[in-house]
Amino acid sequence: MLITHDTRCALDAVVDLVNTAPEGEATPDTLPDVPALAEFVHRHDISDVGVLSEFDLSAVRKIRGRFAGIFAASDPRIAAGLINELVAAAGTTPRLTDHDGYDWHVHYFAPGASVADHLAADCGMALAFFVVAGEQERLRRCEAPDCRRAFVDLSRNRSRRYCDSRTCGNRLHVAAYRARRKEAAG
Ligand SMILES: [Zn+2]
Ligand SMILES: [Zn+2]
């Protein structure tokens, strides 16, 4: 499937957002306060969101939970239902733009949208394209037992099972190494 620059940016943002959520005792919420949200907005170059408030923080945390549900969806129908709800609530206004030297592409967030609505609209639509393309299963959560990080599998044969965190990547290599040794020994 064709993934445009903007879709790629939206995917990076939504994966990062979902993975800011706390995972049990071990990993704290990395979106604990308004400055952290401002950092997130800056990191992903999310434009036109104005001055951020506690209200924005709680709204973003709320949609974070909804995005997490989409990555956990077991089939396209469930994912589609969740995406529809999310995008409808954000009040989208699709419009063509070629800002900052990028080719023509569509922005979905409404002018003046809050950061939560901006993310719900544009990231929601980025995920919608995966359902449309029959590629919903590329929206995954890491299969390592103690890691449930979200990721988008962009590998050619949809074979990625682990997130790209250092631990899970290493675990994958170690497991492959052990399997090879076992094969060689057997
Ligand atoms: Zn754009
Ligand atoms: Zn992982």
Side-chain angles (χ1 to χ4, degrees), residues 1-31 40-50 60 63-65 67-74 86-87 90-130 132 137-155 157-179:
M1 64 188 284
L2 172 74
I3 296 180
T4 60
H5 165 81
D6 248 54
T7 304
R8 189 62 192 259
C9 292
L11 292 174
D12 287 346
V14 69
V15 165
D16 190 12
L17 176 65
V18 170
N19 291 335
T20 63
E23 280 278 347
E25 305 277 289
T27 54
D29 194 326
T30 53
L31 210 57
F40 178 87
V41 163
H42 179 74
R43 187 157 75 236
H44 293 287
D45 211 5
I46 299 163
S47 51
D48 304 326
V49 293
V60 168
I63 63 157
R64 176 175 72 180
F67 276 123
I70 296 167
F71 277 86
S74 53
L86 187 68
V87 171
T92 54
T93 307
R95 65 188 187 286
L96 283 156
T97 171
D98 63 347
H99 68 95
D100 296 321
Y102 294 119
D103 282 342
W104 289 104
H105 60 279
V106 180
H107 281 178
Y108 294 93
F109 64 92
S114 68
V115 60
D117 284 348
H118 182 133
L119 289 168
D122 279 45
C123 298
M125 288 306 298
L127 300 184
F129 294 134
F130 282 80
V132 171
E137 64 176 298
R138 290 186 184 274
L139 311 176
R140 303 219 176 127
R141 308 214 77 171
C142 182
E143 287 179 26
D146 50 352
C147 174
R148 299 284 295 145
R149 286 168 65 88
F151 69 94
V152 178
D153 179 5
L154 295 176
S155 69
N157 54 1
R158 303 182 222 178
S159 58
R160 243 183 94 188
R161 295 173 53 207
Y162 301 95
C163 74
D164 55 10
S165 86
R166 188 167 244 200
T167 350
C168 299
N170 279 348
R171 189 190 337 243
L172 181 64
H173 292 310
V174 169
Y177 173 74
R178 288 213 183 109

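Whatever order the structure lists them in is the order used to number ligands and atoms, beginning at 1.
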Side-chain donor-acceptor contact under 3.5 Å, S155 with D153: yes

For the Zn ion (ligand 1): the N/O/S atom of H107 at shortest distance: NE2

Test applied, side-chain contact (heavy atoms from CB on, under 4.5 Å); reference residue, L31; option that passes from N19, D16, T20: T20

Ring centers of H105, H99 separated by less than 6.0 Å: yes

The Zn ion (ligand 1) reached by H99 (N, O or S, under 2.8 Å): yes

With the Zn ion (ligand 1) as the apex, the NE2/OD2 angle for H105 and D6 - to 10°: 90°

C168 SG and C163 SG subtending at the Zn ion (ligand 2) (10° steps): 110°

For L119 against F67, the heavy-atom pair lying closest together: O-CZ, 3.5 Å

